[in-house]
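Everything numeric in this text was worked out from a predicted model, so none of it was measured.
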Amino acid sequence: MRNQFDRQLNELNGQLIIMGHMIEQAIEHAIEAMMHRDVEKAKKNMVYDEEVDQQERDIETLCMKLLMKQQPVARDLRLISAALKMITDMERIGDQAADISEISISLAGEEHLPKMDIIKKMAAGSMLMVVNSIEAFVARDMKQAEEIIVKDDEIDSLFLDARNALIEMIQEKTISAEVAVDLLMVAKYFERIGDHATNIAEWVIYSINGVHESLN
């Protein structure tokens with residue numbers, strides 16, 4: 001019985017890794033679509049979000065089977081409950097990547113879209129946080145999870161930099177207010193992705209030691 005349970009736990013790890021790769025790809029395609037004004041890629045990325053949603057449902061079903069058909073001990077219950085919380089954040093990351101793609105479609109017709117290197121850094125940083133948080137769960141690596149939580153401060157700081165840069169562009173009349181608002185929303189979505197990656201890291205820590213900051 002335990003061997004079967006362990007196999008299903010390994011399957012759970014594998015499915016989480018797959019979902020992690022899916023949302024990593026969604027983030028990457030979202031920023032590429034915006035930077036290259038690629039409307040088709042943006043549209044495909046919005047449709048791709050449906051696959052991310054389906055992956056969440058598949059993992060949720062697997063977790064329910066583990067809870068209903070097996071007899072998990074306390075440590076296993078923490079792991080499964082953490083996985084259920086994690087996939088909620090991962091699904092929301094997919095939603096936000098789709099939202100960024102939707103905004104990129106409206107920006108595609110802009111002739112002079114500013115080079116937002118700060119937003120690129122936010123995209124790369126938040127994407128790395130997501131990937132590392134899933135790796136930390138599979139490896140049961142508390143140190144890596146803690147490093148992800150600290151990394152969120154950098155994403156928050158970059159968001160403030162992006163906001164200030166956009167305000168300056170508006171004042172200098174090098175960008176329209178409408179475009180600035182769209183780019184600020186993109187930056188905010190990446191800031192939120194960092195928050196979700198932090199949530200995942202916190203659940204990783206909970207799965208290891210049973211402690212979750214927001215539950216204390």
* **Straight-line distance of D99 CG to M185 CE, nearest 0.5 Å** => 7.5 Å
* Write down the atom of I23, the atom of G94, and the distance for their closest heavy-atom approach. => CG2-N, 4.1 Å
* salt bridge (Lys or Arg N to Asp or Glu O under 4.0 Å) against R78, all qualifying residues, sequence neighbours excluded -> none
* Structure fact -> The reported gap from CG in L184 to CE in M116 (rounded to nearest 0.5 angstrom) is 8.5 Å
* Asked: With sequence neighbours left out, what residues match E102 under salt bridge (Lys or Arg N to Asp or Glu O under 4.0 Å)?
  -> none
* **Shared-cluster residues of M46, by chain and number - hydrophobic side chains joined below 4.5 Å** => V39, I105
* R192/D195 under salt bridge (charged side-chain N to carboxylate O under 4.0 Å, His left out): CA gap, chis, key distance, verdict -> CA-CA 5 Å; R192 288 296 298 141; D195 289 343; 2.8 Å; yes
* Structure fact -> dist L9:CG -> L79:CG (nearest 0.5 Å) comes out at 6.0 Å
* If you measure from OG on S81 to CH2 on W203, what distance do you get to the nearest 0.5 Å? -> 6.5 Å
Side-chain donor-acceptor pairs of residues 137-154 under 3.5 Å, sequence neighbours excluded:
unit_1: R140; atom_1: NH1; unit_2: F137; atom_2: O; d: 2.1
unit_1: D141; atom_1: OD1; unit_2: K143; atom_2: N; d: 3.2
unit_1: D141; atom_1: OD1; unit_2: Q144; atom_2: N; d: 3.0
unit_1: Q144; atom_1: NE2; unit_2: N132; atom_2: O; d: 3.4
unit_1: K151; atom_1: NZ; unit_2: E154; atom_2: OE1; d: 3.1

* **Gap separating the CG atom of L84 from the CG atom of L12, nearest 0.5 angstrom** => 8.5 Å
* Please step through side chain to side chain contact (heavy atoms under 4.5 Å, CB included) for the pair L77 and L67, ending with a clear verdict. => CA-CA 8 Å; L77 282 171; L67 291 172; 3.5 Å; yes
* **Result of checking V181, V186, L183 against I103 for side-chain contact (heavy atoms from CB on, under 4.5 Å)** => V186
* Asked: side-chain hydrogen bond (donor to acceptor under 3.5 Å, both in side chains) with S101: which residues, sequence neighbours excluded?
  -> N45
Side-chain donor-acceptor distances from residues 118-131 under 3.5 Å, at least two apart:
unit_1: S126; atom_1: OG; unit_2: M122; atom_2: O; d: 2.8
unit_1: S126; atom_1: OG; unit_2: A123; atom_2: O; d: 3.2

* Looking at residues at least two apart in the chain, or sitting in another chain, which of them share a side-chain hydrogen bond (donor to acceptor under 3.5 Å, both in side chains) with D89? -> H196, N199
* Structure fact -> salt bridge (Lys or Arg N to Asp or Glu O under 4.0 Å) filter on E191, not counting sequence neighbours, yields K188
* Side chains of E91 and M19 in contact at under 4.5 Å (non-hydrogen atoms) -> yes
* Would you mind reporting whether T198 and E202 have side-chain heavy atoms less than 4.5 Å apart? => yes
* Asked: Looking at side-chain heavy atoms only, is the closest gap between I193 and I155 below 4.5 Å?
  -> no
Give the table of side-chain donor-acceptor pairs shorter than 3.5 Å for residues 53-63, with sequence neighbours excluded, one pair per line with atom names and distance.
unit_1: Q54; atom_1: OE1; unit_2: R57; atom_2: NE; d: 3.4
unit_1: Q54; atom_1: OE1; unit_2: R57; atom_2: NH2; d: 2.9
unit_1: Q54; atom_1: NE2; unit_2: D58; atom_2: OD1; d: 2.9
unit_1: Q55; atom_1: NE2; unit_2: Q15; atom_2: O; d: 3.0
unit_1: Q55; atom_1: NE2; unit_2: Q15; atom_2: OE1; d: 2.8
unit_1: T61; atom_1: OG1; unit_2: R57; atom_2: O; d: 3.0

* Would you mind reporting whether V52 and D49 have side-chain heavy atoms less than 4.5 Å apart? => yes
Using a 3.5 Å cut-off and no angle test, enumerate the donor-acceptor pairs between side-chain atoms of residues 165-178 and protein atoms at least two apart in sequence or in another chain.
unit_1: T174; atom_1: OG1; unit_2: M169; atom_2: O; d: 3.3
unit_1: S176; atom_1: OG; unit_2: V179; atom_2: N; d: 3.2

If you look only at distance, which donor and acceptor atoms sit under 3.5 Å apart when one is on a side chain in residues 25-35 and the other is two or more places apart or in another chain?
unit_1: Q25; atom_1: OE1; unit_2: Y48; atom_2: OH; d: 3.0
unit_1: E32; atom_1: OE1; unit_2: K41; atom_2: NZ; d: 2.9

Acceptor/donor pairs from residues 157-164 side chains to any protein atom, 3.5 angstrom cut, sequence neighbours excluded:
unit_1: N164; atom_1: ND2; unit_2: L160; atom_2: O; d: 3.2

* Asked: So how far is it from I18 CD1 to H21 NE2, rounded to the nearest 0.5 Å?
  -> 8.0 Å
